[in-house]
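What follows is a single structure, written as structure tokens, with notes after it.
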Amino acid sequence: MRKPKVTKKLPLLLLLLVNALLVLTIFALMSYAQNLLNDDIETNLKEIVEQNKDVINNNLSSEVNSLSIVAKQLAERYSQQEDVPLEQSFMEYTLQNNETQLFLALPNGSAFLPSGTTIDVTGRQYFRLSMAGESNISDRLLSRWDGQVLYVISAPILYKDEVIGTIQKQFSLEQMYALCSTSIYSDAGYTYIINGDGYIVISSQDEDYTPESDNLYRLLYSDNPEQTRSLQKGIEDKTTGFIKLKYKGSDVYATYTPLDKVYDWYLVSSIKTNAVLPNVRTVVKIFYAVLLVLFIGFLISTSYFFFSKRAQERKLKKLAFIDSVTGLDTFTKFQFDIQNIFQVNPDKQYYIFTFDVDNFKYINNYYGYDVGDKILSVIHHLYSRVLKNDELCARIYSDHFVLLLEDCRAERLKEIFLPELTVDNIVIYLSAGIYKVNDKNENINLMVDKANLASKSTKGTHRKKVEFYDSELDKKLIQNEQAKRAIEKAIQNDEIIPFFQPKININTNEIEGAEALARWITKDGVVIPPSDFIPLSEKTGLIHEIDFAIFRKTLQFLRTCLDQNIKCYPISVNFSRMHLMSHDFVHHLLQLINEYDVPTQLIEIELTETVIFDNYQIIEEFINHLHEHGLQISMDDFGSGYSSLNMLKDVDIDVIKFDRGFLQDTAKSERQKIILSSITKMAHDLDIKIVVEGVETQDNVDLMKEYGCNVAQGYYFAKPMPQEDFKIIFKEGKI
């Protein structure tokens with residue numbers, strides 16, 4: 001009897017059923033696995049975008065906080081000098097701090113730039129928000145003065161709980177990109193910062209957007225209408241979300257979240273699906289053939305995704321914790337570690353040690369940033385090698401470093417702190433300060449500030465010690481600040497004027513020239529000598545204004561004499577070493593000379609021998625530049641250093657001024673005569689003019705004649721005198 005056809009076909013049906021179930025199982029497993037992958041991708045993308053958000057928030061918040069500090073400083077200035085307009089305090093602040101990106105806006109919308117330009121910012125949203133008391137960052141703007149793309153951070157200036165103005169800092173597109181750009185998955189992803197209306201503020205791809213294409217909603221809508229509406233709704237609700245969409249022909253995952261510390265900005269990060277899982281198609285094909293292969297493929301894909309995630313986490317950790325210049329710890333890492341150390345060792349005594357490189361800006365400007373970075377790296381590694389357990393070292397920013405020390409005994413400090421270093425034949429000096437940590441709950445930044453305050457007291461001294469912070473430093477800082485303000489006021493009130501001391505030919509008593517010397521004459525007629533205000537002026541940077549004030553008044557005097565047909569003689573003007581760090585120093589000199597139309601042969605630029613020696617590698621270029629325009633160079637205090645003769649050989653000096661010490665040591669007059677006679681002959685052979693300073697007696701004059709020196713400057717002939725008295729002598733041409 002034959003079996004029914006159905007019975008014969010039962011195994012086949014069962015096989016088909018099993019196969020169908022297997023296929024369904026495979027599809028179900030594939031779907032389940034895909035869902036798991038999507039969930040994992042979503043979770044990790046959200047984690048990454050939160051990390052990126054934190055980095056960007058920290059960068060932008062740091063800039064906002066820095067600007068808020070400037071606002072407080074301007075408010076403090078205003079509270080102490082209410083009769084001084086806020087815009088004047090701002091101009092003084094920018095000049096003192098060499099700030100070119102700041103500008104001030106008054107409540108009426110008038111904005112003042114450091115260059116002196118005034119514009120109206122009434123219609124700018126950042127201004128309106130700041131006037132409402134809210135620090136903020138603008139969207140992308142076009143500059144009204146040069147048409148360049150810029151961003152503006154704005155902060156209110158509060159005085160007696162009222163907004164008296166706003167302070168703004170401009171950022172170029174490149175600068176804002178450096179602050180905000182982050183990337184994911186080795187640059188395979190895209191990161192955008194958009195505003196509430198969807199307009200792109202910054203892109204990690206640094207693409208050149210136009211007004212027709214710079215709206216992210218518009219870019220996405222044609223291929224993803226529903227997803228775009230979902231994205232727009234999520235951003236309007238200020239929520240964090242995850243979507244899958246098409247972009248430029250590729251499937252991508254995207255995560256969005258608000259930058260909660262910045263007004264109306266949102267972070268959108270995306271990654272192509274094939275960048276996350278590049279072997280998905282192969283895995284799917286293999287999975288359909290063999291379940292085991294699918295499982296292995298899934299495992300491989302998951303491992304790859306996990307590796308990508310960990311790589312991104314390492315990249316973000318490196319960005320936050322590893323200094324890009326030195327390769328060692330950042331200040332962020334320092335702050336993180338110090339909290340752990342304090343928590344684990346609550347009873348141990350610790351010290352905050354800070355130091356920085358004197359005149360590091362000069363090193364960068366002259367030797368280049370590569371050399372500057374190398375110096376920073378050498379310093380960072382040098383100090384990191386001497387640390388003990390539970391001690392830390394980090395670079396805060398630029399040339400500023402901080403250490404956490406457990407042992408601060410004198411012998412330890414002498415061992416680890418080298419106030420003078422030589423790197424690639426460049427001598428650098430360090431200034432350092434220490435703050436004893438008494439309260440481990442105190443703000444770490446405040447600890448660092450106190451150590452920095454101590455280090456400032458050693459600036460420019462090159463002393464072989466470190467200064468400890470104490471409350472007296474605060475008092476001294478206040479005293480110096482008061483003295484600084486008095487000098488600033490003296491400059492504003494035109495109280496610092498030149499006194500002129502003639503240079504006399506000892507054989508004929510005729511004038512050979514003069515030196516312009518700074519004197520401070522108060523409104524009460526009190527004459528304050530330069531030793532009481534010049535050193536502080538050099539420390540605070542006010543010396544720039546003083547030197548140019550004396551120079552301008554000297555040019556005015558020469559111009560007046562020329563207009564009155566009075567025969568004029570060269571006048572030397574002293575300039576501080578600080579000017580050598582300014583790129584526009586010579587330009588400013590020549591600009592003033594042209595303004596007063598004074599012949600350059602009537603001007604001597606007087607530099608001390610120490611200035612020339614300390615800047616030996618750049619002084620030749622500097623002097624040649626001045627010589628090209630007909631200016632003369634005078635070396636003051638010749639003989640006070642140990643390299644005078646060597647410099648005479650290499651540096652094209654026009655005038656040397658003998659240090660007064662040459663006239664004082666009469667006990668060794670024979671040796672003195674040989675030395676001075678030889679130097680005088682050498683100077684004459686080199687066509688260098690000699691002036692002897694400090695000539696106070698007839699014996700000094702007789703010695704000069706004996707040595708063959710003819711031009712004297714000193715009290716024996718004339719003291720420094722006001723312009724009115726000097727003009728009489730200048731007109732007569734002799735003493």
Side-chain angles (χ1 to χ4, degrees), residues 362 366 498 500-503 511-518 534 538 543-544 546-548 550-552 554-555 557-558 568-594 596 598-660 662 679-680 682-693 709-713:
Y362 153 72
Y366 180 69
F500 297 95
Q501 186 174 30
K503 301 173 185 176
I511 292 178
E512 294 275 341
E515 180 179 2
L517 302 164
I534 292 297
E538 288 185 332
I543 193 65
H544 291 273
I546 291 176
D547 284 350
F548 275 107
I550 298 301
F551 186 57
R552 181 183 286 275
T554 300
L555 292 172
F557 172 75
L558 287 170
C568 294
Y569 305 90
I571 297 180
S572 60
V573 182
N574 292 280
F575 281 95
S576 165
R577 64 193 301 142
M578 305 298 293
H579 294 284
L580 295 180
M581 300 173 198
S582 174
H583 288 297
D584 61 352
F585 172 50
V586 176
H587 173 73
H588 196 180
L589 282 179
L590 298 173
Q591 192 176 42
L592 287 175
I593 292 172
N594 291 333
Y596 289 96
V598 172
T600 53
Q601 62 267 26
L602 296 179
I603 299 296
E604 281 183 16
I605 304 302
E606 190 162 310
L607 303 172
T608 64
E609 178 189 358
T610 306
V611 170
I612 295 175
F613 176 70
D614 284 352
N615 301 276
Y616 197 66
Q617 295 186 4
I618 65 170
I619 198 64
E620 283 191 79
E621 179 182 345
F622 173 74
I623 290 177
N624 290 338
H625 195 179
L626 293 179
H627 279 160
E628 289 174 4
H629 295 278
L631 293 165
Q632 298 187 68
I633 306 297
S634 174
M635 182 197 292
D636 195 12
D637 295 336
F638 179 81
S640 61
Y642 57 82
S643 58
S644 303
L645 294 178
N646 191 46
M647 282 188 290
L648 266 182
K649 173 176 66 71
D650 295 330
V651 181
D652 189 11
I653 298 295
D654 302 292
V655 181
I656 59 174
K657 301 181 73 175
F658 277 164
D659 180 70
R660 64 185 62 197
F662 277 113
I679 295 176
T680 301
M682 181 177 64
H684 287 161
D685 291 342
L686 293 172
D687 198 22
I688 297 175
K689 184 178 179 180
I690 294 176
V691 176
V692 180
E693 292 184 292
C709 303
N710 300 320
V711 182
Q713 180 182 342

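The chain is numbered in sequence order, starting from 1.
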**OP:** Compute whether any side-chain donor of one residue and acceptor of the other, for S572 and K503, lie under 3.5 angstrom apart.
**Re:** yes
Original post:
Hey, does E606 have a side-chain heavy atom less than 4.5 Å from the side chain of V655?
Top reply: no
Original post:
Is there a side-chain contact between L589 and L626 (heavy atoms, below 4.5 Å)?
Top reply: yes
Subject >> CG (D685) with more than 12 external heavy atoms under 6.0 Å >> reply: yes
Original post:
Does D652 reach the main-chain N or O of I623 with its side chain, forming a donor-acceptor pair under 3.5 Å?
Top reply: no
Original post:
Does the side chain of F548 reach to within under 4.5 Å of the side chain of V573, using non-hydrogen atoms?
Top reply: no
Original post:
Distance-only, no hydrogens or angles: does the T600 side chain make a donor-acceptor pair with backbone N or O of H629 under 3.5 Å?
Top reply: yes
Original post:
Hey, is the main chain of I633 close enough, under 3.5 Å, to the side chain of D654 for a donor-acceptor pair?
Top reply: yes
Original post:
What do the steps show when you test N574 against I550 for side-chain contact (heavy atoms from CB on, under 4.5 Å), and what is the final call?
Top reply: CA-CA 9 Å; N574 292 280; I550 298 301; over 6 Å; no
**OP:** Identify the two heavy atoms, one from P498 and one from A516, that lie closest to each other, and give their separation to 0.1 Å.
**Re:** CB-CB, 4.3 Å
Original post:
Taking 4.0 angstrom as the limit, do E604 and K689 come out as a salt bridge?
Top reply: no
**OP:** Determine whether T554 and V598 make a side-chain contact, defined as any pair of heavy atoms from C-beta on separated by less than 4.5 Å.
**Re:** no
Subject >> Atom pair CD1/CD of I571 and Q501 - distance to nearest 0.5 Å >> reply: 12.5 Å
Original post:
Between D547 and S576, which heavy-atom pair has the shortest distance, and what is it?
Top reply: OD2-N, 2.9 Å
Subject >> Distance (rounded to the nearest 0.5 Å) between F557 CZ and C568 SG >> reply: 7.0 Å
**OP:** Identify the two heavy atoms, one from Y569 and one from L558, that lie closest to each other, and give their separation to 0.1 Å.
**Re:** O-CD2, 4.2 Å
Original post:
If you measure from CD1 on I653 to OG on S634, what distance do you get to the nearest 0.5 Å?
Top reply: 8.0 Å
Original post:
Are V586 and L631 side-chain neighbours, meaning at least one heavy-atom pair lies under 4.5 Å?
Top reply: no
Subject >> Gap separating the CZ atom of F585 from the CD1 atom of I605, nearest 0.5 angstrom >> reply: 6.0 Å
**OP:** Flag the pair I543 / I534 as yes when at least one side-chain heavy-atom distance between them is below 4.5 Å, and no otherwise.
**Re:** yes
Subject >> Separation between SG of C709 and CD1 of I690, rounded to the nearest 0.5 Å >> reply: 4.5 Å
Subject >> Shortest non-hydrogen contact between Q601 and Q632, atoms and distance >> reply: O-NE2, 3.4 Å
Original post:
CG/L607 to CG/D636 distance, rounded to the nearest 0.5 angstrom?
Top reply: 9.0 Å
Subject >> Heavy-atom closest pair, residues V692 and F658 >> reply: CG2-CD1, 4.0 Å
